[in-house]
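Numbered from 1 within each chain, the chains take letters A, B, ... in sequence-line order.
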Amino acid sequence: MSRSTQAPKALRGAGNWIDDRFHLAKTGEKNLRKVFPNHWSFMLGEIALYSFIILLLTGVFLTLWFKPSMAEIVYDGSYERLNGVTMSEAYASTLYIDFDVRGGFLVRQIHHWAALIFVSSLVVHMLRVFFTGAFRKPREINWLIGVAIFTLAMLEGLFGYSLPDDLPSGMGVRILQGVMLSLPVIGTYVSMFLFGGEFPGHDIIPRLYMIHILLIPGILLALIAAHFMILWHQKHTQYPGTGRSNKKVVGTPMFPGFAVKAGGFFFFVFAVTVGLSAFVQINPVHLFGPFTPTSITSGLQPDWYMGFMEGSLRLFPNWFDINIAGYAIPTGVLVPGLVIPGLLFGGLAAWPFLEAWITKDKRHHNMADRPRNAPVRTGLGAAGITIYGLLWVAGANDIISETFSISLYALSWFFRFAVIIGPFIAFMVTKRICLGLQRRDRETLEHGYESGTIQQLPSGEFIEVHKESSTDTVHVLQSKEPVERIVVDADGVDDNGVESPEKRSLSGGLRSRLAHWFTKDNISFEGVRPHSGHHLHHGGHSEETAAEQPAATH
Amino acid sequence: MKWITARRRHPLAGYVVVILALTLFGVGYAYLAPGADRAEAQTLAAEATADDEQTDYALGRDIFTQSCASCHGDAGTGSQNAPDITDAGAAAIDFQVSTGRMPSMNPDAQMPRKPPAFTQDEIDALITYYEAEIGSGPAIPEEVPGTAPERADFEDEEAYEAAHAEYEASYEAYLDGAEDVEAGMKLYLTNCAHCHSWSGEGGALTDGKWAPELHEASPRQLYEAMVTGPGQMPVFNDMTITPEEKQDLIAYVKDLQAEPNAGGIFDLNRIGQVAEGFIGWTVGLSLIVACAIWITAKQRAHD
Ligand code: HEM
C-alpha cells in the first residue's frame with residue numbers, strides 16, 4: 001500500500017483546517033492504525049452491527065406510515081380481498097405500507113429478514129466468544145453487555161412481530177399474556193397493567209410500539225456503543241500464531257485495509273438481506289388477516305429466536321400445576337415460560353464468573369483459547385447448544401409431524417427425553433473429541449506431521465517419514481496454556497496429610513471438586529519439545545517412554 | 001444352462017440379476033398389493049358402463065358389493081373394520097369416494113386424499129343404490145360446484161371444453177355469490193384454522209392423525225366435509241353454519257388459495273415462521289458467513 005502518496009490538495013486543506021481546530025491528527029492516526037485480527041469468526045459481530053443498522057434505517061421508513069392504533073376501522077383500500085373487513089388501524093396501515101407505499105412491501109420484508117439475521121448473527125457471535133474463552137478477564141463486562149443485547153434483541157423482535165396486529169401477532173401477544181398470568185399472585189396485575197385492562201384492550205399496540213421504536217432501540221444503541229468502546233480499548237482477542245502474544249496484536253490496520261473490508265462487508269450483508277426480501281416472502285400479513293380474539297390457527301410459530309421458548313412451552317408437562325390457598329400456580333407455563341429462559345440467560349451471564357471462580361484464574365487473557373484446549377467448557381457449550389437446539393426444534397413439532405408424517409405424540413415424547421439425555425451425551429462426546437485432538441496436537445508437536453512417505457530402513461523396518469511442522473503450526477500448538485491439575489481425594493487432605501483450609505467451607509469444597517472436574521482430564525504438554533520425537537530422528541526407542549510420561553503429569 | 005454358467009462372470013451380470021429381481025418384486029407386489037381389487041372393481045365398473053342395459057342401480061350394487069361390503073357389510077351396518085354407514089348419507093358417500101378415501105386400503109389408518117377409484121357417474125350410481133338399499137343422511141349439495149370435469153371422461157374435445165367452461169362459470173358464480181368476506185374469514189379462522197391452519201396447509205393432530213391440506217378440495221367437497229365430519233373432523237351441519245355462511249367460508253378459503261404471493265416468488269409453502277427461520281439461517285446467515293471467510297482468507301495471502 002502506498003502510504004507515502006500525498007492526499008489531493010483540497011483534502012489536505014480541509015484536513016489541516018480541521019486539525020488546526022481540533023488537533024485530531026494524533027488521536028486520529030492512532031485510532032486509524034488500530035489493528036484488527038484477520039479471522040472470519042471476528043466478523044460475526046459485525047454482521048450483527050450491520051443488520052442492526054439496516055433495521056434502524058428500514059424501521060424509520062416504516063414509522064412514516066405505520067399507525068400504532070387499535071381503533072377499529074372498516075378497510076377500504078388497494079388490497080381488494082379484504083375490502084369491507086373490520087380491522088385495527090395498525091393492521092390497515094400495514095396493508096397500506098404493503099400495497100400503497102412505493103417500495104413499502106420490500107422495506108417491510110427487509111426489516112423482517114434483517115431482524116432474523118440480526119439475532120442469528122448475535123447467536124453465532126456469542127458462540128465464538130464462548131468457545132474461544134474471549135469472555136475471560138478482562139472482557140467480562142463486554143460479555144455481560146452482549147448477553148443484555150441478546151435478550152433485548154429477542155424482546156425487540158417479539159414486540160415488532162406484534163405490531164401489525166395480524167393473526168400471528170395477536171396469537172403471540174396472547175401467549176405473552178398467558179406467561180404473564182402464570183406469575184403467582186402478581187400475574188393478573190402485571191397483565192392488567194401492561195394491557196391497560198382486559199386482553200386485548202386498546203392500549204397494547206401503542207405501548208409495544210413505543211417500546212419497539214424508542215425504548216429498546218435506544219438501550220440497544222447505548223449498549224452497542226459501550227460494547228464497541230470497550231472493544232476498542234481492550235482490542236480483540238486473537239488466535240495464537242507466530243508473533244502473536246498476550247501483549248501484541250497482529251492484523252490489518254483499521255485504515256485503509258480494515259475499513260475497506262468492513263465497508264465491503266456491510267454491502268454484502270445488505271445485498272443478502274435485500275436479495276432474500278426481494279424473492280422470499282416473509283410474514284405475509286395480508287394473507288393472515290387481522291387478529292380477532294376468537295381466531296386461532298395451527299401451524300403458526302413465533303420468529304425463530306422465540307422458538308426455543310415455544311418449544312419449552314410445548315414440551316413441559318402440566319403434571320406439577322398446583323393450587324395454594326385458592327391461588328393456582330400453573331407450573332406448566334411458569335417453568336417453561338420464565339424459569340427455563342431465566343436459567344439460560346442467567347447461566348450465560350454468570351458463566352465467566354463461575355469459570356474464574358472454579359479455575360481461580362485471575363490473569364489477563366488476550367489470546368483466544370482453541371476450543372479443544374478447554375474441553376470442559378467446550379463440552380458444556382455443546383450441551384447448551386443441544387438443549388437450546390432441541391427446544392427450538394420442538395417448537396416446530398407440529399410442522400415436523402406433518403411434513404414427515406410422524407406422530408405428534410411420539411415426537412413430543414422423543415423430545416422430552418432427548419432434552420434431558422441429549423446434553424449429557426453431547427458433553428461427553430465433545431469432551432472426548434477435544435481430548436483426542438489435544439493428544440494429536442501433542443503428537444504433531446513432538447513428531448512433526450505425517451508426510452505420507454513410507455521408507456524402508458536398512459534393518460528392513462518400514463517407517464512413515466514425519467516432517468517438521470511450520471513454525472506457525474508450532475506456535476499454534478504450543479499456545480496451550482499449562483493447566484494445573486487439581487486433585488481432590490476422598491477426605492480432601494494434601495500429600496502432607498494436612499486438610500486444606502478451603503475444604504472446610506461448603507462452597508470451598510464444592511469449588512475444589514468442580515476444579516477437579518474441570519482439570520482432571522487435562523493432557524499436559526509439559527516437557528514436550530517441538531520435533532523431538534523418534535520419527536524425526538531415527539535413533540533409539542527411548543522416546544517411547546518420553547511420550548508416555550507426560551500423560552501421567554500432575 | 002451352459003450359457004448362463006459362461007456368462008456368470010460377465011461384468012454386467014450383477015446388474016442383470018438386480019434388474020430381474022426388481023422386476024420380479026414389482027410384478028409380485030402389483031399382484032398382492034391391495035390396489036389389485038380396486039383395479040378389479042374399476043374394470044368391472046367399466047365393463048358395466050359399456051353395457052347400456054344395466055341401470056344405475058345394478059351398477060351401484062355391483063360396486064358396493066365388490067368394493068365396500070367387505071368392510072361396511074352387505075347392509076352397510078359396519079363390521080369391526082369399519083363404521084356403520086346407514087346414516088352417513090349421500091354427501092358422505094360422495095365425499096369419501098370422490099376424494100379417493102374410500103374404498104379404504106387400510107381400515108386402521110387415516111386415509112389420505114387420492115385420485116378417486118371411480119368416475120363421477122359411477123359414484124352417482126353407487127349413491128342411487130345406497131339411497132335405495134342402505135340408508136340416508138345429509139344429501140349432496142347439488143348447487144355447490146363439484147370436481148372439475150376430466151378430459152378423459154369426454155369423447156371429443158368440444159364437449160369437454162363446453163363442460164369445462166360451464167363448470168368454471170358455476171365455480172366463479174358460487175364464489176362471487178358470497179357476500180361477506182369478513183364473515184367467511186371469521187368462520188374459517190374460528191372453526192377450521194386450528195386444525196387445517198390459516199392457509200389451508202393442514203396440520204398435525206393428536207394420536208398420529210392429521211388434518212389434510214385443503215387446496216385440492218372442490219367447493220362441494222368442502223361443503224360435504226362440513227356436513228358429514230369425516231374421521232376426526234367435527235360435523236358443522238346447516239344449523240351451526242348456514243348454507244350462506246358456508247358459501248362465505250368456502251369463498252374465503254378458495255380466494256385465499258388463489259391469492260398470488262405478493263411478497264416474492266418463493267412462498268415457502270405458506271408454512272410460515274419455521275420455514276422463514278430455516279431460510280434465514282441456511283441461506284441468509286450462511287451466505288454472509290461465507291463472505292466473511294472469503295474476505296479474511298484473501299487477505300491472509302498478503303500478510
Ligand atoms: C433491534 C432491532 C429490531 C428488530 C429485531 C425489529 C424487528 C421487527 C419485526 C420482526 C417486525 C415485524 C415486521 C413485519 O411486519 O413483518 C417489526 C416491525 C416494525 N418495526 Fe422493527 N425491529 C427492530 C428495530 C426497529 C427500529 C429501530 C424501528 C424504528 C425506529 C422499528 C420500527 C418498526 C415498525 C414501525 C414496525 C411495524 C411496521 C410493520 O409491521 O409493517 N424497528 N420490527
Between [X] and chain A, with a heavy-atom cut-off of 4.5 Å, which part of the residue counts as in contact: side chain, backbone, both or neither?
X	value
B:E276	both
B:A183	neither
B:W198	both

Compute whether any side-chain donor of one residue and acceptor of the other, for [X] and [Y], lie under 3.5 angstrom apart.
X	Y	answer
A:N283	A:Q109	no
A:Q281	B:D267	no
A:D398	A:S401	no
A:Y79	B:E259	yes
A:D166	A:H286	no
A:E72	A:S88	no

Select one option (side chain, backbone, both, neither) describing which atoms of [X] are under 4.5 Å from chain B's heavy atoms.
X	answer
A:F105	side chain
A:Y75	neither
A:V272	side chain
A:F270	neither
A:I296	both
A:S277	backbone
A:L44	side chain
A:T294	both
A:N397	neither
A:L276	side chain
A:P168	side chain
A:L287	both

Let's test your reading of the structure: which of [options] forms the most heavy-atom pairs below 4.5 Å with chain A?
options	value
B:K186, B:K209, B:M185, B:H196	B:M185
B:G280, B:S199, B:A211, B:A262	B:A262
B:C192, B:C195, B:A292, B:G284	B:A292
B:F266, B:W210, B:Y188, B:Y252	B:F266
B:N261, B:V181, B:D255	B:N261

query: Hey, is OH on B:Y167 packed in by over 12 heavy atoms from elsewhere, all under 6.0 Å?
result: yes
message: Could you report the tightest heavy-atom contact between B:R220 and B:G146, atom names first, then the distance?
response: CB-CA, 3.6 Å
statement: Between A:S169 and A:P164, the two heavy atoms sitting closest are OG-CD, 3.6 Å
message: Quick one: does any side-chain atom of B:R101 pair with a main-chain N or O of B:R113 as donor and acceptor, under 3.5 Å?
response: no
Which residue out of [options] racks up the most heavy-atom pairs below 4.5 Å with chain B?
options	answer
A:A396, A:S295, A:G299	A:S295
A:L167, A:L300, A:T86	A:T86
A:T403, A:L408, A:V280, A:I399	A:V280

query: Hey, mind stepping through B:Q221 and B:D94 against side-chain hydrogen bond (donor to acceptor under 3.5 Å, both in side chains) and telling me if it holds?
result: CA-CA 8 Å; B:Q221 286 164 348; B:D94 188 48; over 6 Å; no
query: Which is it for A:Y161 and A:M306 under the side-chain contact (heavy atoms from CB on, under 4.5 Å) test, yes or no, and what are the steps along the way?
result: CA-CA 11 Å; A:Y161 187 83; A:M306 300 302 288; over 6 Å; no
- prompt: With the threshold set at 4.0 Å, does a side-chain nitrogen-carboxylate oxygen contact exist between A:R108 and A:D98?
  reply: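 Here A:R108 pairs with A:D98 in a salt bridge, since their nearest N and O are under 4.0 Å apart.
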- request: Fit a plane to each ring of A:F265 and A:Y50, take the angle between them on a 0 to 90° scale, and name the class: parallel (under 30°), tilted (30 to 60°) or perpendicular (over 60°).
  value: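 Perpendicular.
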